Colleague: 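There's a structure below that I have some questions on.
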Amino acid sequence: MKKQVGIEALAIAVPRRYVDIAELAQARGVDPAKYTAGLGAKEMAVPDPGEDSVALAATAASRLIQEQGVDPSRIGMLVVGTETGVDHAKPVASHVQGLLKLPRSMRTFDAQHACYGGTAGLMAASEWIASGAAAGRSAIVVCSDIARYGLNTPGEPTQGGGAVALLVSEQPDLLALDVGLNGACTIDVYDFWRPSGRREALVDGHYSISCYLDALSGAYRGWRERALAHEVVRWGDSLPSEQLARILYHVPFCKMARKAHTQLRLCDLEAAPATQNATAAEREEAAKSTASYDAQVASSLSVNARIGNVYTASLYLALTGLMSAEAAQLAGKRIGLLSYGSGCCSEFYSGVVGANAAQRIAKANVEGVLARRERVSVAEYERIMNLASDAPEQLTPAPGEFRLKEIRDHRRAYVGG
Ligand code: CAA
């Protein structure tokens, strides 16, 4: 029998503070409906300098190990997907290994390609296990980022921060991956980038949306070709994408998932034998189906709407939201996942939700983690944004949390755990 590989469990870490998005809109003199209805946001995480990508990654990985009863001696690979690492050479992953006192006998590295880095790590880990090279060991893949554009920029309402830690193994209780079906697409573009030394990202906002949609089309068509060849989906009364119970997207802001879903459907409608006689306008109208979006996408977005963008972790926050909402009823069903990283690379893959998914996600206590946060005013958010990245506030970490304490002689010291 073919080896099963995939995500066994997950855990999340989010900044302790958030701002209400309608309040931010009012402070900027913008109609709140632009941020709530236009972008699909509700709340936005406000990381302080003590909550850097290392601290958030270590907190998420520590929770994964504690809550899910992981035996650290089983872990042979620790990968951190991030585009907001803290050093050009020393990876976030080695900090996490040290802070959690994990065994030395593991491979550690960071994976960077904008928001795609976490998926690159997940694929490296799952294919390592599927190949047999892991020899029964598991991997931890942590997606950790601070999404930061700066005050009074168009990207401001799409900031955020956090981390999602994934346990990847031969016991995929959450999601068994369809190894070998993935489709990928790379295009060399300048849609979003962050030159070395800059804290804030640079972005060509509207162009970045079109790059995302272009790369999505290439990746999805690649997956569809293989999924059709393996008879995982077929042309028939329904479109191939409609044969996936749910579809998760990279979510820089929630409305992007709606645009992405329309594009995905358009890819099918353009190729479907049944719609060959339709006009382009008719296909575009059919692609926009609200019923399809409501049935296949909407239920995954509740956590993203409360955190904002988390770059590498955004797709995996959508997985967290979906599992929190519907794990039990999705058991045994196939879902699709679309990862996008600016620059750009996109990957579409699929997997089958496991029978134990509901028990696994319950242990992650997602609602509890979100409920512990504190709402801050826009003035307090601005104060935190203006703090220097090398001068963290000396706040006491909550039990199980890590924080950056200080940077001395270019060495970072953390407290907590
Ligand atoms: N009521 C309701 N809706 C309103 C409204 C109102 N009063 N005013 C505007 N809107 C709607 C607009 O119609 C628009 O919706 P549609 O796109 O569906 O038409 C939406 O609100 C946003 O309005 P604008 O496009 O005018 O907003 P903007 O020019 O300020 O820019 C943005 C929006 C480009 C997303 C900007 O926030 C940005 O640059 N964000 C960062 C970049 C980003 O997230 N890119 C996504 C793709 S790249 C990627 O995915 C990688 C990554 O993580 C960064």
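All of these numbers come straight from a predicted model, not from anything done at the bench. Both ligands and their constituent atoms are indexed starting at 1 by order of listing. Each residue takes its place number in the sequence, starting with 1. Values reported hereafter were calculated over all heavy atoms of this structure, with side chains retained and with hydrogens, waters and symmetry mates removed.
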Colleague: Taking salt bridge (Lys or Arg N to Asp or Glu O under 4.0 Å) as the definition, give me every residue that meets it alongside E67, ordered by chain and number, with sequence neighbours left out.
Modeller: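 In terms of salt bridge (Lys or Arg N to Asp or Glu O under 4.0 Å), with neighbours along the sequence ignored, E67 is linked to no residue.
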
Colleague: I'd like to check which ligand 1 atoms, numbered from 1 as shown, lie under 4.0 Å from a non-hydrogen atom of S342.
Modeller: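 With S342 as reference, the close atoms of ligand 1 come out as 48 (S), 51 (C).
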
Colleague: Is it the side chain (CB and beyond), the backbone, both or neither of S208 that lies under 4.0 Å from ligand 1, heavy atoms counted?
Modeller: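 The answer is both, backbone and side chain.
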
Colleague: What residue and atom, counting heavy atoms only, is the protein's closest point to atom 38 (C) of ligand 1, and at what distance?
Modeller: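 Minimum-distance protein heavy atom for atom 38 (C) of ligand 1 reads G155 CA, 3.9 Å.
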
Colleague: For the residue pair Y220 / D268, report whether a side-chain donor-acceptor contact shorter than 3.5 Å exists.
Modeller: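 Side chains of D268 and Y220: pair found under 3.5 Å.
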
Colleague: Please confirm whether N309 comes within less than 3.5 Å of ligand 1 when only nitrogen or oxygen atoms on both sides are compared.
Modeller: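 So ligand 1 has an N or O lying under 3.5 Å from an N or O of N309.
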
Colleague: Which residues pass the ring pair (Phe, Tyr, Trp, His ring centres under 6.0 Å) test with Y414, not counting sequence neighbours?
Modeller: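 With sequence neighbours excluded, Y414 shows a ring pair (Phe, Tyr, Trp, His ring centres under 6.0 Å) to H95, given in chain and number order.
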
Colleague: Are side-chain N/O atoms of E83 and T312 paired as donor and acceptor at under 3.5 Å?
Modeller: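 The criterion, which ignores hydrogens and geometry beyond distance, is not satisfied for T312 and E83.
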
Colleague: Quick one: do E393 and R383 make a salt bridge, cutoff under 4.0 Å?
Modeller: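 Between R383 and E393 there is a salt bridge, with a charged N closer than 4.0 Å to a carboxylate O.
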
Colleague: Judged by non-hydrogen atoms, does Y35 sit under 4.0 Å from ligand 1?
Modeller: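 So Y35 does not count as touching ligand 1.
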
Colleague: Considering only the protein, which heavy-atom contact is closest to atom 54 (C) of ligand 1, and what is its distance?
Modeller: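 Residue, atom and distance for the closest contact: Y149 OH, 3.2 Å.
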
Colleague: Would you say ligand 1 has an N or O under 3.5 Å from any N or O of P154?
Modeller: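 In this structure, P154 places an N or O atom under 3.5 Å from an N or O of ligand 1.
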
Colleague: If we count only N and O atoms by modelled type, under 3.5 Å, do the side chains of W223 and S350 hold a donor and an acceptor together?
Modeller: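 Per modelled atom types, W223 and S350 side chains form a pair under 3.5 Å.
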
Colleague: Against heavy atoms of F192, which atoms of ligand 1 measure under 4.0 Å?
Modeller: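 Every atom of ligand 1 under 4.0 Å from some heavy atom of F192: 54 (C).
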
Colleague: Would you say atom 50 (O) of ligand 1 makes contact with the protein, given that contact here means a non-hydrogen protein atom less than 4.0 Å away?
Modeller: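 There is a protein heavy atom less than 4.0 Å from atom 50 (O) of ligand 1.
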
Colleague: Please report which non-hydrogen protein atom sits nearest to atom 3 (N) of ligand 1, along with the residue it belongs to and the distance in Å to one decimal place.
Modeller: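 Nearest neighbour among protein heavy atoms for atom 3 (N) of ligand 1, to 0.1 Å: G38 CA, 3.6 Å.
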
Colleague: Look only at interatomic distance and state if Y212 has a nitrogen or oxygen under 3.5 Å from any nitrogen or oxygen of ligand 1.
Modeller: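 It does not: no N or O of Y212 is found under 3.5 Å from an N or O of ligand 1.
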
Colleague: Taking only heavy atoms of C115, which atoms of ligand 1 are found under 4.0 Å from at least one of them?
Modeller: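 Counting from 1, the qualifying ligand atoms are 51 (C), 52 (C), 53 (O).
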
Colleague: Nearest protein heavy atom to atom 40 (N) of ligand 1, by residue and atom, and its distance?
Modeller: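 For atom 40 (N) of ligand 1, the nearest protein heavy atom is T158 OG1, 3.4 Å.
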
Colleague: Considering heavy atoms of the protein only, find what lies nearest to atom 35 (C) of ligand 1 and give residue, atom and distance to 0.1 Å.
Modeller: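 Scanning the protein heavy atoms, the shortest distance from atom 35 (C) of ligand 1 goes to F253 CE2, 3.4 Å.
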
Colleague: Does a donor on one side chain sit under 3.5 Å from an acceptor on the other, for S292 and R265?
Modeller: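 R265 and S292 do have a side-chain donor-acceptor pair below 3.5 Å.
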
Colleague: Is atom 32 (C) of ligand 1 close to the protein, meaning a heavy atom under 4.0 Å from it?
Modeller: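 Flag for atom 32 (C) of ligand 1 set to false, no protein heavy atom closer than 4.0 Å.
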
Colleague: Ring centres under 6.0 Å, that's the criterion: do Y340 and F192 meet it?
Modeller: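 No; F192 has its ring centre 6.0 Å or more from that of Y340.
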
Colleague: Is there at least one protein heavy-atom neighbour under 4.0 Å from atom 42 (C) of ligand 1?
Modeller: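 Flag for atom 42 (C) of ligand 1 set to true, protein heavy atom closer than 4.0 Å.
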
Colleague: Should E43 and R373 count as an ion pair when the cut-off is N to O under 4.0 Å?
Modeller: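 Yes, this pair counts.
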
Colleague: Backbone, side chain, both or neither: what part of A33 comes under 4.0 angstrom of ligand 1, heavy atoms only?
Modeller: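 It is both parts that get close, each with some atom under 4.0 Å.
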
Colleague: Given that the side chain starts at C-beta and the backbone is N, CA, C, O, which of these parts of H250 lies under 4.0 Å from ligand 1, counting heavy atoms, or is it both or neither?
Modeller: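 For H250, only side-chain atoms sit under 4.0 Å from ligand 1.
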
Colleague: Does the residue K259 have a heavy-atom contact with ligand 1, meaning some pair of atoms that are separated by less than 4.0 Å?
Modeller: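 Yes, K259 has heavy atoms under 4.0 Å from ligand 1.
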
Colleague: So, Y381 versus Q159: side-chain donor-acceptor pair below 3.5 Å or not?
Modeller: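 Indeed, the side chains of Y381 and Q159 share at least one donor-acceptor pair under 3.5 Å.
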
Colleague: Looking only at protein heavy atoms, which one is nearest to atom 25 (O) of ligand 1, and what is the separation?
Modeller: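 Result: H206 CE1, 2.8 Å.
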
Colleague: Indicate whether the side chain of Q243 and that of S238 have a donor and an acceptor atom separated by less than 3.5 Å.
Modeller: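 On atom types as modelled, these side chains qualify, holding a pair under 3.5 Å.
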
Colleague: Among protein heavy atoms, which sits nearest to atom 22 (C) of ligand 1, and what does the distance come to when rounded to 0.1 Å?
Modeller: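 Of the protein heavy atoms, L39 CD2, 4.0 Å lies nearest.
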
Colleague: Do me a favour and list the nearest non-hydrogen protein atom to atom 10 (N) of ligand 1 with residue, atom name and distance?
Modeller: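 For this ligand atom, the closest protein heavy atom is K34 CG, 4.0 Å.
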
Colleague: What I want to find out is whether E156 reaches R148 closely enough, with some N-O distance under 4.0 Å, to be called a salt bridge.
Modeller: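 Salt bridge absent between E156 and R148.
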
Colleague: Can R412 and E406 be counted as an ion pair, charged N to O under 4.0 angstrom?
Modeller: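 Salt bridge: no.
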
Colleague: Can you find an N/O atom of K255 closer than 3.5 Å to an N/O atom of ligand 1?
Modeller: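 Yes - when backbone and side-chain N and O of K255 are compared with those of ligand 1, one distance drops under 3.5 Å.
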
Colleague: Do you know the tightest heavy-atom contact between Q263 and L213?
Modeller: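 Closest approach of Q263 to L213, heavy atoms only: CG-O, 3.7 Å.
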
